[in-house]
Protein chains: 2
Amino acid sequence: MSAVLPVMKSTLVRKTKTREVERTSSGRENILHEAATLFAAKGYAESGLREIAEMAGVRSATVYHHFASKEKIYEEIIRIALDAISAAVTAELLVLPLDATPRMRIEASIAGHLRALHTNKPFTSTNAHSRISLPQGVNLVVGPIREQYSDFWRAMLEEAKAAGSFKPGVDPKMLRPLILSTLNRTLGWFDPRKGSLETLTRTVVTMFSGIWHEPDMATRVRKRRA
Amino acid sequence: MSAVLPVMKSTLVRKTKTREVERTSSGRENILHEAATLFAAKGYAESGLREIAEMAGVRSATVYHHFASKEKIYEEIIRIALDAISAAVTAELLVLPLDATPRMRIEASIAGHLRALHTNKPFTSTNAHSRISLPQGVNLVVGPIREQYSDFWRAMLEEAKAAGSFKPGVDPKMLRPLILSTLNRTLGWFDPRKGSLETLTRTVVTMFSGIWHEPDMATRVRKRRA
DNA sequence: TAGCATACCGGACGTTCGTTAGGTTTTGAG
DNA sequence: CTCAAAACCTAACGAACGTCCGGTATGCTA
């Protein structure tokens with residue numbers, strides 16, 4: 001029995017534009033990107049709307065032409081981040097053979113999660129920094145989406161546990177928060193200019209190899225789609 | 001050659017009181033504790049001074065009788081957290097035999113770090129949440145203290161690397177941020193009422209055992225001082 | 001070219017923020 | 001009991017916050 005696929009359904013409602021090609025860096029997209037960069041660097045409360053507007057080359061009133069409120073900007077950023085992560089994980093799982101072991105699926109998910117984090121950095125960093133006390137309304141919308149992704153990991157780890165994959169001494173209930181928090185925190189220190197994403201992934205997977213019961217091959221080469 | 005001991009010297013200047021027994025929950029200590037609890041729950045910017053004061057049963061002006069500014073409160077909280085962590089790690093290292101291996105010292109440090117985190121939770125949580133953009137003046141004072149603790153870990157990991165303890169495939173430069181961020185993040189999800197600190201420590205140490213070259217004994221019993 | 005939706009702006013609103021001046025109560029030593 | 005220091009208060013300051021109103025520029029469609 002394979003893990004749930006796709007990991008999550010997309011949460012972004014399709015834009016109701018009839019035709020068009022999405023002009024490069026439209027006002028709205030630009031504001032969104034600059035806001036994400038600011039939120040990632042300074043946090044939500046420390047980033048003023050006038051500062052966001054200035055970064056986007058716009059006045060603060062203009063922001064309200066594109067977004068209903070500061071909270072809604074935040075909410076959309078986090079949804080983009082979560083969508084990117086689940087899409088990357090899904091893609092990574094799709095290239096696995098059908099008879100992949102739980103361990104192979106977990107390690108593929110780790111690779112996908114890490115890749116998504118560091119190729120959407122402003123958005124995923126905003127998401128990672130926001131564990132505590134989102135402005136209430138945001139958590140109501142974003143909470144269930146996060147829970148959906150958590151459930152995917154819970155199910156995958158449960159399979160591994162049922163298959164007897166874990167070494168005695170590890171508490172399986174702690175693995176999901178341990179793994180996900182470790183991955184997310186790489187956003188705070190990993191610099192792609194000083195080390196490759198492949199090295200990071202290999203180091204993390206090797207480090208986690210302490211949880212597995214069988215020795216297994218720890219450093220397999222992983223294929224990537226073009 | 002053993003790792004640096006003590007880990008750090010205390011950064012708290014002794015209170016210049018002449019005698020006294022420090023009445024239980026003095027105004028100042030109370031404000032400090034409530035502020036730490038609030039910062040840990042909601043972050044720095046989201047915690048207003050009037051809210052801090054109210055939690056402490058005091059008016060906001062009174063806070064300024066004990067502290068020069070909101071930033072100074074923050075700064076002191078983080079210093080308390082860092083002092084507690086380095087004290088616990090030092091204590092854990094002191095009970096090791098003199099010929100302890102690098103691996104034993106690292107695992108002892110992990111145990112000490114985790115114990116300090118979860119026995120000073122409001123303070124250490126505030127410290128862990130504050131990776132990004134402290135109010136500038138705070139980072140100037142707190143940055144070097146953090147760097148001192150980071151240096152301790154760097155030196156310890158360097159010893160292990162020199163002793164050839166690490167499995168090929170792991171990038172030693174990534175180990176310190178990987179380990180420390182994993183430990184610090186446990187503050188966000190570990191609930192001491194649902195699992196013991198010993199189980200957490202054992203799971204983490206076992207998980208990290210993937211980095212070691214030799215099989216070694218992964219689950220040793222660790223002594224604790226009375 | 002006329003019409004219209006979209007994008008943007010100046011300027012203000014009410015609120016909350018960290019902070020402070022100046023006055024009152026509490027406390028403990030002599 | 002005296003009296004100074006410590007602890008606490010009320011009330012306000014200017015600044016910055018998120019938000020919004022009314023009006024102007026822009027660019028596509030017909």
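Residue numbers begin at 1 in each chain, while the letters A, B, ... track the order of the sequences. Everything quoted here is computed from the prediction, not taken from an experiment.
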Query - Residues forming a side-chain contact (heavy atoms from CB on, under 4.5 Å) with B:Ile110, sequence neighbours excluded - result: B:Ile106, B:Leu114, B:Trp153, B:Ile179, B:Leu183, B:Val204, B:Val205, B:Phe208

Report summary line: Here the distance between atom P of D:dC20 and atom CG of A:Leu49, to the nearest Å, is 11 Å

Query raised in the report: Any sub-3.5 Å donor-acceptor pair from B:Thr186's side-chain atoms to B:Thr182's backbone N or O?
Result: no

List, one per line, each side-chain donor-acceptor pair under 3.5 Å for residues 50-60 of chain A, sequence neighbours excluded.
| from | atom 1 | to | atom 2 | distance (Å) |
| --- | --- | --- | --- | --- |
| A:Glu51 | OE1 | A:Lys42 | NZ | 3.1 |
| A:Glu51 | OE2 | A:Lys42 | NZ | 3.1 |

Report summary line: From OH of B:Tyr74 across to P of C:dG18 the rounded distance in Å is 13 Å

Requested in this report: For B:Asn184, check side chain to side chain donor-acceptor pair (under 3.5 Å) against everything at least two apart and list the hits.
Outcome: B:His113

Requested in this report: Hey, could you give me the NZ/CE distance between A:Lys194 and B:Met174, rounded to the nearest 0.5 Å?
Outcome: 10.0 Å

**Report entry** Spacing of A:Asn30 atom CG relative to C:dC8 atom C1', expressed in whole Å
**Finding:** 14 Å

Requested in this report: Name the orientation class of the two ring planes belonging to B:His118 and B:Phe190 (parallel below 30°, tilted from 30 to 60°, perpendicular beyond 60°).
Outcome: perpendicular

Query - Within residues 57-66 of chain A: residues closer than 4.0 Å to DNA chain D (heavy atoms) - result: A:Ser60, A:Ala61, A:Tyr64

Query raised in the report: Can you tell me how far C1' of D:dT19 sits from NZ of A:Lys70, to the nearest Å?
Result: 12 Å

**Report entry** Lys/Arg-Asp/Glu bridge criterion (N-O < 4.0 Å) met for B:Lys72, B:Glu75
**Finding:** yes

Report task. Take the protein atom CD of A:Glu54 and the nucleotide atom P of C:dC9, then report the distance between them rounded to whole Å. Result -> 12 Å

Query raised in the report: Which residues satisfy the salt bridge (charged side-chain N to carboxylate O under 4.0 Å, His left out) test with B:Arg154, sequence neighbours excluded?
Result: B:Glu147, B:Asp151

Report task. Could you tell me whether the side chain of A:Lys121 and the main chain of A:Ala40 form a donor-acceptor pair under 3.5 Å? Result -> no

Report summary line: Rounded to whole Å, the CD-C1' distance (A:Glu51 to D:dA15) equals 15 Å

Review item, nucleotides 14-16 of chain C N/O atoms under 3.5 Å of protein N/O:
none

Query raised in the report: What is the distance from CD of B:Glu29 to C1' of D:dA7, rounded to the nearest Å?
Result: 15 Å

Report summary line: Taking for A:Ile31 and for B:Tyr44 the nucleotide of DNA chain C with the nearest heavy atom, the one nearer the 5' end belongs to A:Ile31

